[in-house]
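See structure below.
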Amino acid sequence: MPKKFRRIAAIFVAAAVFALGGAVYADPAKQVDTDVSAQLVQAKSGILMEQTTGEVLYEYNPDERMQIASVTKTMTMLLIMEALDSGKIQLEDMVTVSEHAASMGGSQVFLEVGEQMSVNDMLKAIAVVSGNDAAVAMAEFVCGSEEAFVEKMNERAIELGCQNTHFINCNGLDETADHYSSARDVALISKELLNHSKIFDYTTIWMDSLRNGQFGLSNTNKLIRTYRGANGLKTGSTSTAKYCLSATAERDGMQLIAVVLCAPSTAERFSSATALLDYGFANYAVAKPEDLQVDLPVMPVVGGTAEGVGTKMADEKGFIIKKGNHTKIEKEVKMDESIAAPVTEGQKIGEVVYTIDGSEAARRDIVTTAAVERMTILKRFIRTMDEWVKL
C-alpha cells in the first residue's frame, strides 16, 4: 500500500476508535495525553483534572480569561472552609445579616437585614442554591467586610498558582471585565476546595430547607441527581458569562473535576461536563497504594552515631494510568549502598521509579526517617566508656 494511503487509513482507524468510546493516544506508552482529536465540550472553554494528582486529562482553551458568574463561589467556599478548619469560625456560629448582604439580587435566599442564620445554613444556601446574599453575609462574617474578603480571595488565588484570575466580589453577581478567571484556574481552586471533605456535606445535597422548613432548597447542579458519583461543585450563569459549571465526581477512588465555561445553554453546560467526566472515567484510573508499595531497606550510615537509618517514600500518593494498566506497573528502587553522616531527617537518598510497558510513569523520592549525627572522637570515647561501664 502506498505511504499516502497508509496514512489516510490510519486516520480513519483512529477516528473509528474514538467514536467507539476509546481515547486516541499519540504514544501507546504514554499514560496521559491531552491531545484528543474530539472536542468534548460545547462551550468556549473546558478542562478535566484529576483532583489528588492535579493531572490534566483534557483541555480546550483552558487559559482564556472570562467571566465565571457564581462559579466564583468556589473560592468563597474555600475561604469559609479554611476558616472553619482553623477554628476561626464554627458551624454553630450565628451570622447577622447586614444591609449590604440583604441588598444582593440574583440567586438568593432573601435574607433580611438583622436576620440571624447559622454558618451551617449559610453554607447550605451558598452551595445548594448559590445564594448571593448568603455569600456576602459570610464574607463579612469571616473578614469583617466583603472588600477585605475579596482581597483575601485574590491573595489565595495567587498562592494556588492561578495566573488568570481576579475577583472584585465574593459571588460573581456583577458583570464586569475586572472580575474573571479561567477554566484551569477554576479547576485549581476546586481542587483545593475538595481537600476539605466537609464541603461534600453541602455540595451533595439535592433538596433541603432553611428557616425550620419554611424555605425550600433545590440544588442548581442537576448532575448531583443524575450522574453517578457526582459530589459537587458549583454552577453559575449570567447574561455575559453564559452558563458555567465546575462539576466533580468520584468513582473507584478517582476524583475528577470538569470545568465548563461560557456554554451557550444550561443543557450544553451539563452535557459538556458529563462528556468530560465520562471521558475521564472511561480512559483513566489512579494507581492504588497497594500497587505502589515497595520494601525499602535500612540505609547503612558511615561515620555516624547510628549504624543505619530508616527509609520511606516522601510521597505515597498515586498517579494517573491508563485504565487497566495497574497490573503492568513495575517498580525499581534506586539507592546508594550507604550514606555518610551527618544525615538529616527527610533527606533524599534515592528514588522509586515506576514504569509501564518500559516507559516511565512516575517516580517518588526516598527519604530518611530520622537524623544521624556524625561520630566525633569525643562521642566515640563516651560510647566506649558507656559500653565499658555496662560490662
Side-chain angles (χ1 to χ4, degrees), residues 32 47-57 62 68 70-91 119-120 122-124 126-128 135 138-139 142-143 149 152-163 165 167 170 181-205 219 221 223-224 229-236 245-259 273 276-277 280-281 284-289 292 313-320 362 364-365:
V32 176
I47 197 168
L48 178 67
M49 179 183 288
E50 197 281 321
Q51 192 263 336
T52 59
T53 63
E55 188 89 52
V56 173
L57 308 181
I68 61 171
S70 282
V71 175
T72 295
K73 297 185 181 84
T74 53
M75 179 61 86
T76 301
M77 291 189 291
L78 172 59
L79 295 188
I80 294 171
M81 296 310 299
E82 289 178 342
L84 283 166
D85 287 350
S86 70
K88 182 178 182 180
I89 63 175
Q90 306 293 326
L91 287 173
V119 169
N120 180 69
M122 287 287 189
L123 263 173
K124 280 187 190 179
I126 297 169
V128 180
M138 281 304 303
V142 172
C143 287
F149 188 87
K152 192 171 182 180
M153 290 171 70
N154 287 314
E155 291 174 355
R156 197 70 180 96
I158 293 172
E159 292 171 356
L160 293 175
C162 299
Q163 298 182 7
T165 295
F167 301 112
C170 67
S181 190
S182 68
R184 191 186 309 278
D185 287 359
V186 170
L188 290 173
I189 296 166
S190 300
K191 175 181 182 296
E192 187 67 19
L193 177 56
L194 295 185
N195 286 331
H196 302 267
S197 59
K198 186 69 176 177
I199 196 64
F200 294 129
D201 291 351
Y202 302 93
T203 58
T204 56
I205 293 172
N219 205 318
N221 181 7
L223 295 185
I224 294 299
N231 53 17
L233 194 60
K234 193 69 202 71
T235 60
L245 173 65
S246 177
T248 61
E250 188 273 335
R251 293 181 189 174
D252 300 322
M254 183 166 70
Q255 176 72 59
L256 295 182
I257 301 166
V259 179
L276 286 173
L277 294 171
F281 287 127
Y284 295 107
V286 176
K288 298 178 180 179
L292 309 181
M313 281 195 291
D315 180 6
E316 296 185 351
K317 71 180 180 182
F319 52 89
I320 297 295
R364 297 289 184 265
D365 289 346

**Complete:** Taken to the nearest 0.5 Å, the spacing of Glu55 CD from Leu48 CG works out to 10.5 Å
**Message:** Distance check, rounded to the nearest 0.5 Å: Cys143 atom SG versus Met138 atom CE?
**Reply:** 10.0 Å
**Asked** Does any donor atom in the side chain of Ser246 or Thr74 lie under 3.5 Å from an acceptor atom in the other side chain?
**Response** no
**Item:** Beyond-backbone contact of Ile68 with Asp185, side-chain heavy atoms, under 4.5 angstrom
**Value:** no
**Prompt:** Taking side chain as C-beta onward, heavy atoms only, is Leu276 less than 4.5 Å from Leu256?
**Reply:** no
**Item:** Minimum-distance pair of heavy atoms, taken over all atoms of Phe200 and Gln255
**Value:** CZ-OE1, 4.0 Å
**Asked** Roughly how far, to the nearest 0.5 Å, is the OG atom of Ser197 from the CE atom of Met81?
**Response** 7.5 Å
**Item:** Lys198 vs Asp85 side-chain heavy atoms within contact, under 4.5 Å
**Value:** no
**Worked verdict on Leu160 versus Met75 for side chain to side chain contact (heavy atoms under 4.5 Å, CB included)** = CA-CA 11 Å; Leu160 293 175; Met75 179 61 86; 4.3 Å; yes
**Prompt:** What do the steps show when you test Thr52 against Lys317 for side chain to side chain contact (heavy atoms under 4.5 Å, CB included), and what is the final call?
**Reply:** CA-CA 8 Å; Thr52 59; Lys317 71 180 180 182; 5.6 Å; no
**Prompt:** Are Val71 and Leu245 close enough, and set up right, to give a side chain to side chain contact (heavy atoms under 4.5 Å, CB included), and what steps lead you there?
**Reply:** CA-CA 7 Å; Val71 175; Leu245 173 65; 5.6 Å; no
**Request:** Find out whether Val259 and Met49 are in side-chain contact, i.e. whether some heavy atom of one side chain is under 4.5 Å from a heavy atom of the other.
**Result:** no
**Prompt:** Quick one: are Leu84 and His196 in side-chain contact, heavy atoms under 4.5 Å?
**Reply:** no
**Asked** Between Asn219 and Ala127, which heavy-atom pair has the shortest distance, and what is it?
**Response** OD1-O, 4.2 Å
**Message:** For the backbone of Lys191 and the side chain of Gln51, can you confirm whether one donor and one acceptor N or O come within less than 3.5 Å of each other?
**Reply:** yes
**Request:** Before giving the answer on side chain to side chain contact (heavy atoms under 4.5 Å, CB included), spell out for Val56 and Arg184 the whole-Å C-alpha distance, their side-chain angles and the decisive distance to 0.1 Å.
**Result:** CA-CA 9 Å; Val56 173; Arg184 191 186 309 278; 4.0 Å; yes
**Item:** From Met153 atom CE to Phe167 atom CZ, the distance as rounded to the nearest 0.5 Å
**Value:** 4.5 Å
**Asked** Does any non-hydrogen side-chain atom of Leu79 lie less than 4.5 Å from one of Glu82?
**Response** yes
**Prompt:** Any sub-3.5 Å donor-acceptor pair from Arg364's side-chain atoms to Gly318's backbone N or O?
**Reply:** yes
**Message:** Does Glu159 form a salt bridge (charged side-chain N to carboxylate O under 4.0 Å, His left out) with Arg156? I'd like the steps, not just the answer.
**Reply:** CA-CA 5 Å; Glu159 292 171 356; Arg156 197 70 180 96; 3.1 Å; yes
**Item:** ring pair (Phe, Tyr, Trp, His ring centres under 6.0 Å) partners for Phe149, two or more places apart
**Value:** none
**Message:** Is it the case that the side chain of Thr204 and the backbone of Asn231 share a donor-acceptor pair, with hydrogens and angles ignored and the cut-off at 3.5 Å?
**Reply:** no
**Request:** For Ala273 and Ala247, work out which heavy atoms get closest and say how close.
**Result:** CB-CB, 3.9 Å
**Request:** Give, for atom CD1 of Ile257 and atom CG of Leu194, the distance between the pair rounded to the nearest 0.5 Å.
**Result:** 5.0 Å
**Asked** Does any non-hydrogen side-chain atom of Asn221 lie less than 4.5 Å from one of Leu233?
**Response** no
**Request:** Kindly give the heavy-atom pair with the smallest separation between Val142 and Ala83, and that separation in Å.
**Result:** CG1-CB, 4.2 Å
**Request:** Looking only at non-hydrogen atoms, find the nearest pair between Ala135 and Lys73 and report the distance.
**Result:** CB-CE, 4.1 Å
**Request:** With the side chain counted from C-beta on, respond yes when Ile126 and Ile80 share a heavy-atom pair under 4.5 Å apart, and no when they do not.
**Result:** yes
**Closest non-hydrogen atom pair, Thr203 against Gly232** = CB-CA, 3.9 Å
**Asked** Out of curiosity, Lys124 NZ to Asp201 CG, how far, rounded to the nearest 0.5 Å?
**Response** 10.0 Å
